[in-house]
Amino acid sequence: MQTRAVHILNEPMPGGSQPLSVPIVQSSAFAFDSADALADAMAGPDGPYVYSRRGNPTVRALERTLAALEGGAAAIAFASGMGAISGVLLSLLRPGDHVVAQRCLYGGTYAVLSDLAARYGVEVEYVRGDDPAGFERLVRPTTRVLHIETIANPTGQVPDLPGLLSAARRHGVVSVVDNSLASPVLCRPVEHGADVVVHSTTKYLAGHSDVLGGVAVFADVELRDRVWPRTVELGACADPFAAWLTLRGLPSLPLRMRQHCAGAQLLAGRLAEHEQVTAVHWPWLPGHPSYDLARKVLSGGGGMVSFELAGGRAAGRAFIERVRLARLALSLGGVETLVAHPASTSHRELDEEALAAAGIGAGTVRMSVGIEHPDDLWRDIEQALAGLFGRVVDLD
């Protein structure tokens, strides 16, 4: 993986030399010498470039590289992670279809599924991620999609990927796995039987908080070809410059993930021992509900640590304003450490009942651990907790 991430799968150029950096082809359209050639190029996603909503050389380099990193056969790049999720679901589902989803999902995905249910009559049911038998009990003739996340945001729950994906395959249900929080460095769901792997490339893949993007990687080309026409119609295509920025971030992905995981491990362990922290959610922390599954399917615990504070919602919101080194921002997966309060931001679409069902407390704080030195991050956390709960900490 460390080697693959460095070597971008760019198209060869004439003349016997190759640029080390993928060129940015910032063109909306491409000219042809004949009407027949232009007409033929409109046939599918792998032919000559016609119009950048349908395909672009810089974007295709990103698609080919991410498909290779995930072990897939083909990919479609999108303008955002939600563009990828929405594009895949809208392409695969029709009114009256049935979806089974993991109970703890990213709030944006939950909102899309709720909208599909309310506006188009798509039936949605939720299941625990560690219960393949429960999923099979919900399967019916109209079940079309199983949607799960490799690492749930923000609880760190890890589903039984081998069990769920095998069950979906037996029943002819298309499985969609959001791998944004793990990245292909920690897990490659296609190897466990996933049909589609989606990412917010904004997060760990690009890794520098300077680009918005998404991707869907497909285990086989036929499914990609089935989804591609709908995504062209939706228009949620990746921009060439955004694709280039993501490609620029990929070579350092394995190195960054190693540091993210190491920092998260140190902070999770120390938080678990703090008297004002009532729970810590990090999948490789002993005692986490997904610990055994996480050790089975992940090669690291990931860079996101969530924790519950004594004092509930007020304490959670106060903490994220007291940190100094960590920044208060909505995203995750960048080189800098970010904090957020999920109940009022990323999962604001969920009411109290839905939050409880998803395992998200009112006082949950989500910390996306960056690549700063973890001792500096701990000092920042410690001073914020001390100020919040009335203790004095020597920061010198």
Please report, to 0.1 Å, the donor-acceptor pairs under 3.5 Å made by any side chain of residues 261-268, with sequence neighbours excluded.
none

> Would a distance-only check, ignoring hydrogens and angles, find a side-chain to backbone donor-acceptor pair under 3.5 Å from T65 to L9?
Replying inline: yes
> Between S34 (side chain) and A37 (backbone), is there a donor-acceptor pair under 3.5 Å?
Replying inline: yes
> Got a donor-acceptor contact below 3.5 angstrom from the H274 side chain to the Q276 backbone?
Replying inline: yes
>> My understanding is that only one of I148, L146, T109 makes a side chain to side chain contact (heavy atoms under 4.5 Å, CB included) with Q102; could you say which?
In response: I148
> Is the closest side-chain heavy-atom distance between V50 and F32 below 4.5 Å?
Replying inline: yes
> Backbone N or O of P141 within a donor-acceptor pair of the R144 side chain at under 3.5 Å?
Replying inline: yes
>> Apply ring-ring contact (aromatic ring centres under 6.0 Å, His included) to residues F389 and F319 and explain how you reach the verdict.
In response: CA-CA 10 Å; F389 294 104; F319 174 86; 8.9 Å; no
Name each donor-acceptor pair under 3.5 Å that joins a side chain in residues 73-85 to protein atoms two or more places apart or in another chain, with its distance.
from, atom 1, to, atom 2, distance (Å)
S80, OG, G83, N, 2.9

> Would a distance-only check, ignoring hydrogens and angles, find a side-chain to backbone donor-acceptor pair under 3.5 Å from E63 to T58?
Replying inline: no
> According to the salt bridge (Lys or Arg N to Asp or Glu O under 4.0 Å) rule, which pairs have a member within residues 29-55, sequence neighbours left out?
Replying inline: D46-R224
>> Donor-acceptor pair, distance only, cut-off 3.5 Å: does the side chain of D380 make one with the backbone of A326?
In response: yes
> Hey, does the side chain of W282 reach the backbone of G301 with a donor-acceptor pair shorter than 3.5 angstrom?
Replying inline: yes
>> Donor-acceptor pair, distance only, cut-off 3.5 Å: does the side chain of T337 make one with the backbone of G370?
In response: yes
>> Please list all pairs meeting side chain to side chain donor-acceptor pair (under 3.5 Å) that have one or both residues in residues 227-239, counting only residues at least two apart or in different chains.
In response: R230-E233
> Side chains of E123 and T142: is there a donor and an acceptor less than 3.5 Å apart?
Replying inline: no
> Residues two or more places apart in sequence or in another chain: which of them pass side-chain hydrogen bond (donor to acceptor under 3.5 Å, both in side chains) with N56?
Replying inline: S52
>> Between R170 and E136, does any side-chain N to carboxylate O distance fall below 4.0 Å?
In response: yes
> Aromatic rings F135 and H171: how do their planes relate, parallel, tilted or perpendicular, breaks at 30° and 60°?
Replying inline: perpendicular
> Less than 4.5 Å apart, any side-chain heavy atom of T246 and any of V215?
Replying inline: no
> Do the side chains of V198 and V177 get nearer than 4.5 Å, heavy atoms only?
Replying inline: no
>> Are the side chains of N153 and R366 in contact, using a 4.5 Å heavy-atom criterion?
In response: yes
> Can you tell if the side chain of P184 reaches within under 4.5 Å of the side chain of M1, non-hydrogen atoms only?
Replying inline: yes
>> Quick one, Y126 and L113 - any side-chain contact, counting heavy atoms below 4.5 Å?
In response: yes
> Under 3.5 Å, side chain of R256 to main-chain N/O of L205, donor-acceptor pair present?
Replying inline: yes
> Taking 4.0 angstrom as the limit, do E382 and R270 come out as a salt bridge?
Replying inline: no
> What is the minimum heavy-atom distance between P154 and S306, and which atoms define it?
Replying inline: O-OG, 2.6 Å
> In chain order, what residues pass the side-chain hydrogen bond (donor to acceptor under 3.5 Å, both in side chains) check against E70, with sequence neighbours excluded?
Replying inline: N179, H199
>> Determine whether a donor-acceptor pair (N or O, by modelled atom type, separation under 3.5 Å) exists between the side chain of E149 and the backbone of Y106.
In response: yes
>> Go through it in stages, so that I can follow the logic: the residues are Q157 and S290, the test is side-chain hydrogen bond (donor to acceptor under 3.5 Å, both in side chains), and I'd like the CA-CA distance, side-chain angles, deciding distance and then a yes or no.
In response: CA-CA 6 Å; Q157 293 178 10; S290 296; 5.7 Å; no
